[in-house]
Asks: 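Just dropping this structure here.
Because the structure is predicted, anything quoted here is derived from the model rather than measured. Residue numbers start from 1 in every chain, and the chains themselves are labelled A, B, ... in the order their sequence lines are given, proteins ahead of strands.
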Amino acid sequence: MKVSLFLTCLADVVYPASVGQSTVEVLERLGCEVDFPKKQTCCGQPAFNSGFHRESKEVAQHMIRTFEHAEYVVSPSGSCVSMLKEYPHLFADDPEWADRASQLADKSYELTQFIVEVLKVEDVGAELEANVTYHTSCHMTRLLGVREAPMKLLANVKGLKFTELPNKQQCCGFGGTFSVKMVPISEQMVNEKVEHIEETNADVLIGADLGCLMNIGGRIERQGKPVKVMHIAEVLNSQGS
Amino acid sequence: MGVRIGSEKFFDRVDKGINNEFMRKAVVEAQTRLEGRKTKTQEEMGNWEDWRDLSEEIRQHTLDNLDYYLEQFAENVAKQGGHVYFAESAEEANDYITNVVKKKNAKNIIKSKSMVTEEIGMNEALEGTGCNVVESDLGEWILQLDDHDPPSHIVVPALHKNKEQIRETFHEKRQYSNSSDPNELALFAREQLRKDFLSAEVGITGCNFAVAESGSVSLVTNEGNARLATTLPETQITVMGMERIVPTWKELDILVSMLCRSAVGQKLTSYITGLTAVKEEGDVDGPEEFHVVIVDNGRSKILGTKYQSALQCIRCAACINVCPVYRHVGGHSYGSIYPGPIGAVLTPLLDGYEDHKELPYASSLCAACTEACPVKIPLHELLVEHRKDIVEKTGKIGFAEKMAMKGYAKAASNPNLYKMGTNMAPSYIKSIAKSEEDGKGKGVGPVKLWTNIRDLPESGGSSFRKWFENRNKGGDQ
């Protein structure tokens, strides 16, 4: 199966290569042929959520063109995929672009969603000895509706000792520009999230969205707490020691 | 009081909220309790999503045909001896109400809980004419005694107060000398209020839902105070927002059930009251004169716009009870009698952006509100719509943000520019990833705001592309 990777700007610009590498390697191990359209940039969400919809449209048009050839678009982010799904609404008053936007939206999947729903795989053969907990990101669960897929995949990773995160449904306080526009509020939200993570005694916090992980991980680092943050692609690509 | 409360600036209010440890503890406990109960009654009911769909349909249908149902309601009230007044503004509503009171030569007024009367500042208007207005909902009464402290929640108005603070207020204002035991406090409030119920010439209520087919008004309480307020005084005035209506008792049944479950996790509250017309011969109680004031106050300007769904609200506060922002800042931070997500949507619509321009941004867009709403108002989407209007229509966006967004759009739609950015990113990120020695962030603008409280991943930046290119040389691009 041919898959086009939408890496997302955070994985491309801010994070080390391992999130993208792991995504590619997991997909290849499951028999996919992975293509990386080089012209890809960002989903346009920073502008969209800030109310700059004209600017967001410019970005969306670029992304629609970039992925027009793709059979499937797979991305290691629930939030960015939910933004791709927003494109048809963004072009509601422009039938031609709305149609092209719908085509992209319909073939786009978050990584774990793609593995479980399209590839019909629940055990990717990963192994990681660690005490872990999992942060369910808001956009992935509430906007994209992906709740079960990451849990099914993590349940089959050998060696994981899983503890559920208390108040897991609660936002970590990232919210894109919210994290810099509303710093005092965002800070309280991420502090509470870190407290709950500590309550689990987990060594590793797993997540499926780099925005949340950058926020929680950044706060954990600043507070000097001994918790490591991993993207779920990295966990699914772990092969034990 | 009006929609707006207080005169402090948004971030000052937020700081005050964040530093109010007692209030925050109370909010966390209340959210946990109310949300837990809601989930339980939702599960008991079964097919919750179907009930939400149906409730949304009822509200949408009613709003789409609001003129029809309001007319039907008004005719039915009039037919049965009641008076209906359509008030376009808060002033018109208050003028009508004060006139009714004046004509009755009334001085003592007993009220049951009503958000719309807070919205129009009715108490102040009546007090201005020399009336004594007493709130009979326990939470509202406590706030009223405490020098008109504003409500911080639309269902639990005194959520921000604990029993010791309440005891203090009772002691100071009413010479209460017993303990802070809630039973003793409640008993005292009952004794005090009983006198006010018996001496009131006019009872004023809000309205959870008006029923068009019969010209009735329904009230949902747990204290029974609305029953006393509508049966003892000779005159009853009901004040309702113009959208608070259902076509028939069948829809009332569904929406009341959704309201009670979503608000407090009860199948039904202790008292659901349906009132139709005035006291007739043979009736043992009920008002001899009945007025309904239907308040527009900006609502008809919302009808037919992209914000219309905000009028679907049944004031259950489910969105407030799951909101992570409200959780940390509390109700007063919103600077509006309508706090939380619905408040952030409704307040700028009713009272303009000028005093409330931060509210649409006081959300991480986590959509917990949208998920909780029993009538499916897409609250987080409406907040984005506000942001869009602020950008496109108000000019209330700073130059720096405007430029940043334009720059972002250029870079994210032009691969060459984007590449330049990504090439520069790693060394820049490395230089600002950790804090200064004093713990403050590095960089400028939003970068500094980020790094003031968080690190960035130090080793990041555009390395995936190189890796992919090297392994795929000659591969499919």
Asks: In terms of the angle between their ring planes, are A/Phe36 and B/Phe468 parallel, tilted or perpendicular, with boundaries placed at 30° and 60°?
Replies: tilted

Asks: Count the heavy-atom pairs under 4.5 Å between each of B/Lys410, B/Glu358, B/Glu401, B/Glu392 and chain A, then report the option with the highest count.
Replies: B/Glu401

Asks: Would you say the rings of B/Tyr408 and A/Phe52 are close, in the sense that their centroids are separated by under 6.0 Å?
Replies: no

Asks: Heavy-atom pairs under 4.5 Å with chain A are the metric here; pick the option from B/Ile453, B/Asn452, B/Val384 that has the most.
Replies: B/Ile453

Asks: Contact part of B/Ile18 toward chain A, heavy-atom cut-off under 4.5 Å: side chain, backbone, both or neither?
Replies: side chain

Asks: Between A/Thr23 and A/Pro76, is there a donor-acceptor pair closer than 3.5 Å when you use the side chain of the first and the backbone of the second?
Replies: no

Asks: Check each atom of B/Ala411 against the heavy atoms of chain A and say whether the ones under 4.5 Å are side chain, backbone, both or neither.
Replies: backbone

Asks: For A/Met1, does the CE atom sit with more than 12 other heavy atoms under 6.0 Å from it, leaving out its own atoms?
Replies: yes

Asks: Quick check on A/Ile220 against chain B: is it the side chain, the backbone, both or neither that has a heavy atom closer than 4.5 Å?
Replies: neither

Asks: In this structure, is the centre-to-centre distance between the rings of B/Tyr334 and B/His356 below 6.0 Å?
Replies: no

Asks: Heavy-atom cut-off 4.5 Å, strictly under: side chain, backbone, both or neither for A/Gln170 against chain B?
Replies: side chain

Asks: With chain A, which of B/Ser363, B/Gly421, B/Cys323 has the greatest number of heavy-atom pairs at distances under 4.5 Å?
Replies: B/Ser363

Asks: Would you call the rings of A/Phe91 and A/Tyr87 parallel, tilted or perpendicular if under 30° counts as parallel and over 60° as perpendicular?
Replies: perpendicular

Asks: Could you tell me if A/Arg219 and A/Ser186 have a donor-acceptor pair between their side chains, going purely by distance under 3.5 Å?
Replies: no

Asks: Select one option (side chain, backbone, both, neither) describing which atoms of B/Tyr418 are under 4.5 Å from chain A's heavy atoms.
Replies: side chain

Asks: With a 4.5 angstrom heavy-atom cut-off, is it the side chain or the backbone of B/Lys419 that approaches chain A, or both, or neither?
Replies: neither

Asks: Between A/Gly176, A/Gly173, A/Gly44, which shows the greatest number of heavy-atom pairs under 4.5 Å with chain B?
Replies: A/Gly44

Asks: Counting heavy-atom pairs under 4.5 Å with chain B, which one of A/Asn215, A/Thr141, A/Leu143, A/Val190 comes out on top?
Replies: A/Asn215

Asks: Is chain B contacted by the side chain of A/Cys9, its backbone, both, or neither, given a heavy-atom distance below 4.5 Å?
Replies: both

Asks: Can you tell which of B/Lys306, B/Lys396, B/Lys357 makes a salt bridge (Lys or Arg N to Asp or Glu O under 4.0 Å) with B/Asp389?
Replies: B/Lys306

Asks: If you count heavy-atom pairs under 4.5 Å between each of B/Val322, B/Thr451, B/Asn416 and chain A, which one has the most?
Replies: B/Thr451

Asks: Specify which of A/Gln61, A/Gln40, A/Met63 makes the most heavy-atom pairs with chain B at under 4.5 Å.
Replies: A/Gln40

Asks: Let me confirm one number: the CD1-NE2 distance from A/Ile206 to A/His135, rounded to the nearest 0.5 Å.
Replies: 12.5 Å

Asks: Assess whether a salt bridge exists between A/Asp35 and A/Lys2, defined as any Lys/Arg side-chain N lying under 4.0 Å from an Asp/Glu carboxylate O.
Replies: no

Asks: Side chains of B/His328 and A/Glu192: any donor to acceptor distance under 3.5 Å?
Replies: yes

Asks: For B/Ser333, which atoms come within 4.5 Å of any heavy atom of chain A: side chain, backbone, both, or neither?
Replies: neither

Asks: Counting heavy-atom pairs under 4.5 Å with chain B, which one of A/Arg54, A/Lys57, A/Gln21 comes out on top?
Replies: A/Gln21

Asks: Among A/Val229, A/Asn167, A/Val59, which residue has the highest count of heavy-atom pairs closer than 4.5 Å to chain B?
Replies: A/Val59

Asks: Name the one of A/Leu236, A/Leu213, A/Asn237, A/Asp209 that satisfies side-chain contact (heavy atoms from CB on, under 4.5 Å) with A/His231?
Replies: A/Leu213

Asks: Looking at A/Glu55, A/Arg142, A/His62, which makes the most heavy-atom pairs under 4.5 Å with chain B?
Replies: A/Arg142

Asks: Of the backbone (N, CA, C, O) and the side chain (C-beta and beyond), which part of B/Val325 lies under 4.5 Å from a heavy atom of chain A, both, or neither?
Replies: both

Asks: So, for B/Tyr361 and B/His386, is the gap between ring centers shorter than 6.0 Å?
Replies: no

Asks: Side chain from CB out, backbone as N, CA, C, O: work out which of these in B/Ile397 comes under 4.5 Å of a heavy atom of chain A, or both, or neither.
Replies: side chain

Asks: Run the numbers on A/Ser79 and A/Met140 for side chain to side chain contact (heavy atoms under 4.5 Å, CB included), then give the verdict.
Replies: CA-CA 6 Å; A/Ser79 183; A/Met140 178 141 150; over 6 Å; no

Asks: Which atoms of A/Gln45 are under 4.5 Å from chain B, going by heavy atoms: the side chain, the backbone, both sets, or neither?
Replies: backbone

Asks: Between B/Pro324, B/Ala362, B/Cys366, B/Pro446, which residue shows the highest count of heavy-atom pairs closer than 4.5 Å to chain A?
Replies: B/Cys366

Asks: Using a 4.5 angstrom heavy-atom cutoff, name the option from B/Lys434, B/Lys388, B/Glu385 with the most pairs to chain A.
Replies: B/Lys388

Asks: So what's closer than 4.5 Å to chain A heavy atoms on B/Lys402: side chain, backbone, both or neither?
Replies: both

